[in-house]
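Numbering of residues begins at 1 and proceeds along the displayed sequence.
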Amino acid sequence: MRLSTGHALERSLEMIQLRQQALNESHERVSSGKRILRASDDPGATARAERALATSARSDANQRGLEASRNAMLQAESALGDATNLLQHARELIVQAGNPINTDAQRQTLASAIRDTRKQLLETANRGDGAGGFLFGGQGVAAPPFVDTVGGVQFRGTSGQILTASGEPLPMTVDGDHTWLRANTGNGVFVTAATSRGAWIDPGRVADPSALSGDDYAVVFTVATAPPATSYAITRNGAPTAITAAPYTAGRSISIDGMELFIHGVPADGDRFDITPSTPSMSVLDALESTAAQLGAGMRSGAQVAQTVSMGLRDLDQGLNQLIAVRAGLGETLGTIDGAEGRIAETKLLATTERSAAEDVDMAQAVSEFQNRQTSYDAALKAYSMVQRLSLFEYLR
């Protein structure tokens, strides 16, 4: 079969082009570090790389949500730290107001200072997160979540938390209603209250938890003049009990179904002291306002002032315990966030490793292949130059 010179030249050019294309691909792989330059190079590996890339992108999104959650929780924890300091200051003011040598004017000055502290506490409860939201906004509000009304502080949001939309939902807000308005009343188990000008009742304590009934009780005093004697009767849910005329001894505790309490001062005939179950409904902000209002009122007996101070300290301590509990919960949340960050980082590392295994080139092999194709390309050029000189005119010359 005869092969024309033109056909030989065409075949040589085709080989040069093929060698040049292969050389360019090898050069691109070496310079980019990628084995797969287009999906058709290895469809299976391309799919693996795409899945790994999607996992890595999700990890980046989860990391951004995690950082936002951590920032919000750190701000909330700092706000609760400030609130704790404010409540400690208010406690000092209430204790100072209980000094019996204070005049009405001095107690009014202390009441004003308590109201100033309460105002700062309300501002802390309405603290923003720096991104247009509120740290204690619950499930989200457009305006400050706590409003000071005539009937007391109200929460205008929705109880709960906003969570990040990520693989591991993390909180972006704190439930403000639970934090500020849902402390336990009384001593956490029962509430004592007095209707008296000459005596006052302490918060009481639990002496026998197994004997608690959860009912309402009342201690009602009777003072006889001839002969002089003071006694008391105890009712349960409004009905008389077996204790109908127990002699009262100052300084001695009164025990009622697992509860122990002290009544101080001089009870008068008809004085009543109520004991009711505790409920999670106490607002520390309203408790401070009530304490300030009572301390600022004039013409009050020493027993009434003592009762106000006792109740104020009791309620403030319960509010403080609530804030401390929420703050401890934030600490646990921050620990959870740290754990989630480690898991996110591990997931991203695995995705990066998977993607690298699917599409990255073996550099030693790529360099060797590039050199081989460089040699092949040089050989094709030399062959072409030799074929180009094969003609009858060259032969006759």
To the nearest 0.5 Å, what is the distance between [atom1] ([X]) and [atom2] ([Y])?
X: L80; Y: L135; atom1: CG; atom2: CG; result: 9.0 Å
X: Q304; Y: R197; atom1: CD; atom2: CZ; result: 4.5 Å
X: D257; Y: S210; atom1: CG; atom2: OG; result: 10.5 Å
X: E123; Y: L86; atom1: CD; atom2: CG; result: 9.5 Å
X: L66; Y: T336; atom1: CG; atom2: OG1; result: 10.5 Å
X: N71; Y: I337; atom1: CG; atom2: CD1; result: 10.0 Å

With distance as the sole criterion, is a donor-acceptor pair present between the side chains of [X] and [Y] under 3.5 Å?
X: Q318; Y: Q322; result: no
X: S112; Y: R115; result: no
X: Q139; Y: Q161; result: no
X: R300; Y: T308; result: yes
X: S290; Y: Q294; result: yes

Residues R118, D148; criterion salt bridge (charged side-chain N to carboxylate O under 4.0 Å, His left out); working and verdict:
CA-CA 11 Å; R118 176 185 178 276; D148 200 1; 2.9 Å; yes
Whether [X] side chain and [Y] backbone form a donor-acceptor pair below 3.5 Å:
X: N102; Y: R107; answer: no
X: S278; Y: T185; answer: yes
X: D104; Y: M299; answer: yes
X: D177; Y: S159; answer: no
X: D286; Y: S283; answer: no
X: R314; Y: T192; answer: yes
X: T109; Y: A105; answer: yes
X: T164; Y: G65; answer: no
X: N187; Y: G204; answer: yes
X: T195; Y: D271; answer: no

For R182 and D175: C-alpha separation, side-chain torsions, deciding distance, then whether salt bridge (charged side-chain N to carboxylate O under 4.0 Å, His left out) applies.
CA-CA 10 Å; R182 291 290 177 261; D175 188 345; over 6 Å; no
Indicate the atoms forming the closest heavy-atom contact of [X] with [Y], along with that distance.
X: T244; Y: A233; value: O-CB, 3.2 Å
X: G160; Y: T173; value: O-OG1, 4.4 Å
X: P145; Y: A125; value: CG-O, 4.3 Å
X: M172; Y: A72; value: O-CB, 3.3 Å
X: D216; Y: P277; value: OD1-CD, 2.9 Å
X: A90; Y: T117; value: CB-CG2, 4.1 Å

Check the surroundings of atom CD in E260: do more than 12 heavy atoms from other residues, nucleotides or ligands lie under 6.0 Å from it?
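Counting neighbours around CD of E260, more than 12 heavy atoms of other residues, nucleotides or ligands fall under 6.0 Å, so yes.
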Flag yes if [X] and [Y] sit in one hydrophobic cluster, no otherwise; membership is Ile, Leu, Val, Met, Phe, Trp, Tyr, and two members link when side-chain heavy atoms are under 4.5 Å apart.
X: I94; Y: W200; answer: no
X: I114; Y: L323; answer: yes
X: L285; Y: V141; answer: no
X: V147; Y: L121; answer: no
X: M282; Y: L181; answer: no

I'd like to know if R272 pairs up with D274 as an ion pair, taking the criterion as any Lys NZ or Arg NE/NH1/NH2 lying under 4.0 Å from an Asp or Glu carboxylate oxygen.
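A salt bridge is present here (some side-chain N lies under 4.0 Å from a carboxylate O).
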Is the shortest distance from a Lys or Arg side-chain nitrogen in D317 or R91 to a carboxylate oxygen in the other one below 4.0 Å?
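Yes, this pair counts.
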Walk me through whether E168 and N62 qualify under side-chain contact (heavy atoms from CB on, under 4.5 Å).
CA-CA 8 Å; E168 295 196 39; N62 290 341; over 6 Å; no
Aromatic ring centroids of W180 and F136 under 6.0 Å?
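Centroid separation for W180 and F136: below 6.0 Å.
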Ring pair (Phe, Tyr, Trp, His ring centres under 6.0 Å) pairs, two or more places apart, involving residues 296-321:
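Output for this query is empty, none listed.
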Does the pair Q63 and E67 meet the rule for a side-chain hydrogen bond (donor to acceptor under 3.5 Å, both in side chains), with working shown?
CA-CA 6 Å; Q63 181 65 31; E67 291 299 336; 2.9 Å; yes
For I275, which fellow cluster members are found when Ile, Leu, Val, Met, Phe, Trp and Tyr are connected by side-chain heavy-atom distances below 4.5 angstrom, either directly or through intermediates?
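V189, F190, I201, V206, L212, Y217, V219, F221, Y232, I234, I243, Y248, I254, I256, M259, L261, I263, F273, which link up through side-chain heavy atoms under 4.5 Å apart, make up the rest of the cluster.
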Can you name the residues that form a ring pair (Phe, Tyr, Trp, His ring centres under 6.0 Å) with H178, not counting sequence neighbours?
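If we apply the ring pair (Phe, Tyr, Trp, His ring centres under 6.0 Å) test to H178, skipping adjacent residues, there are no hits.
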Dump the intermediate steps for side-chain contact (heavy atoms from CB on, under 4.5 Å) on L170 and L163, then the final yes or no.
CA-CA 5 Å; L170 298 170; L163 302 177; over 6 Å; no
Any side-chain heavy-atom pair from [X] and [Y] closer than 4.5 angstrom?
X: D82; Y: Q120; result: no
X: S310; Y: P203; result: yes
X: F146; Y: L122; result: yes

Apply side-chain contact (heavy atoms from CB on, under 4.5 Å) to the pair V284 and L320, showing each step before the final yes or no.
CA-CA 8 Å; V284 67; L320 187 59; over 6 Å; no
